[in-house]
Structures are given as structure tokens and as C-alpha cells.
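The structure appears below as C-alpha cells.
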Amino acid sequence: MPTTIGESLPKLLDDCTELILKERNPKKVKELRKQQKQIAKKLQELIDKNVRQDTAEYKEAVEGIQEAHETVKAAIKDLGKVAETIEKIAKVVNLISKAADMVA
């Protein structure tokens with residue numbers, strides 16, 4: 001069980017996604033998505049307030065995330081691109097790790 005906000009919020013987002021995929025009531029799905037967006041916004045605020053944005057590592061991570069986002073969007077349209085997307089996300093995780101190391 002996660003013991004920090006940093007561990008808990010991403011897990012909660014994953015759990016919400018799983019619940020959204022299973023729930024059949026459109027009103028409940030709409031409310032769950034609204035709450036999921038609120039959680040993501042708070043996670044964003046925590047990151048933005050605690051991670052130095054003036055480092056090369058941070059800038060590389062932002063660029064990598066943007067590239068990964070575009071790759072994910074392409075894979076949504078063409079599932080043949082999922083393997084490429086997995087590789088891109090793995091690289092982004094490494095970049096994010098380097099940026100996070102600057103916080104410690």
C-alpha cells in the first residue's frame with residue numbers, strides 16, 4: 001500500500017482508470033473522469049511546486065514527455081505503433097528520473 005502522496009496519487013489515477021473502464025453508468029463515468037482530472041491537476045501542482053524547472057534535466061524531461069505524448073496519440077490511432085510507444089515511454093521515464101534526482 002502506498003505510504004506517500006507521491007506514491008498514492010498515481011496509484012489512485014490508475015485505479016480510477018480501471019474503474020472508469022468497468023463502470024457502465026454514463027453519469028458515474030463522467031463524475032469519475034471529472035475527479036480523475038482533479039487528481040491529475042493536484043499531482044501537477046505538487047510536481048511544479050517541488051521540481052526545479054531551470055535545469056537541463058527538467059527541460060529534457062519536458063521535451064521527452066511531449067514526444068511521448070505524440071507517440072501515444074499516434075498509437076491510439078494505429079495499434080501497430082504500440083511497441084514504439086513503449087520504448088519512447090521507457091526513455092521518458094529515464095529522463096524524468098534524472099529530473100527527479102535534481103530534487104533530492
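Starting from 1, each residue takes its place in the sequence as its number.
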**OP:** For side-chain contact (heavy atoms from CB on, under 4.5 Å), just list the numbers for Glu18 and Lys22, CA-CA rounded to whole Å, side-chain angles, deciding distance to a tenth of an Å, and then say yes or no.
**Re:** CA-CA 6 Å; Glu18 185 175 344; Lys22 290 186 177 202; 4.0 Å; yes
**OP:** Output the distance between atom CZ (Arg52) and atom OG1 (Thr55), rounded to the nearest 0.5 Å.
**Re:** 6.0 Å
Original post:
Should we say atom CD1 of Ile5 is surrounded by more than 12 heavy atoms from elsewhere, each under 6.0 Å from it?
Top reply: no
Subject >> Interatomic distance, Asp14 atom CG to Leu9 atom CG [nearest 0.5 angstrom] >> reply: 11.0 Å
**OP:** Find the distance between SG (Cys16) and NZ (Lys34) and round it off to the nearest 0.5 Å.
**Re:** 13.5 Å
Subject >> From CD (Gln35) to CG (Leu19), nearest 0.5 Å >> reply: 9.5 Å
Original post:
NZ/Lys42 to CG/Leu13 distance, rounded to the nearest 0.5 angstrom?
Top reply: 13.5 Å
Subject >> Taking every non-hydrogen atom, the tightest pair across Thr85 and Ala75 >> reply: OG1-CB, 3.2 Å
Please report, to 0.1 Å, the donor-acceptor pairs under 3.5 Å made by any side chain of residues 58-72, with sequence neighbours excluded.
| unit_1 | atom_1 | unit_2 | atom_2 | d |
| --- | --- | --- | --- | --- |
| Glu67 | OE1 | Lys88 | NZ | 3.2 |
| Thr71 | OG1 | Glu67 | O | 2.9 |

Subject >> Pair Glu57-Asp101, side-chain contact (heavy atoms from CB on, under 4.5 Å): steps then yes or no >> reply: CA-CA 9 Å; Glu57 292 82 3; Asp101 288 344; over 6 Å; no
Original post:
How far does CG of Leu43 sit from CG of Leu12, to the nearest 0.5 angstrom?
Top reply: 10.0 Å
Original post:
Quick check: does any side chain N or O of Asn50 sit under 3.5 Å from a backbone N or O of Leu46, one acting as donor and the other as acceptor?
Top reply: yes
Original post:
Going hydrophobic residue to hydrophobic residue with side-chain gaps under 4.5 angstrom, can you get from Leu95 over to Val93?
Top reply: no
Original post:
Got a salt bridge between Glu84 and Lys81, using NZ or NE/NH1/NH2 to carboxylate O under 4.0 Å?
Top reply: no
Subject >> Donor-acceptor pair, side chain of Gln36 and main chain of Leu32, under 3.5 angstrom >> reply: no
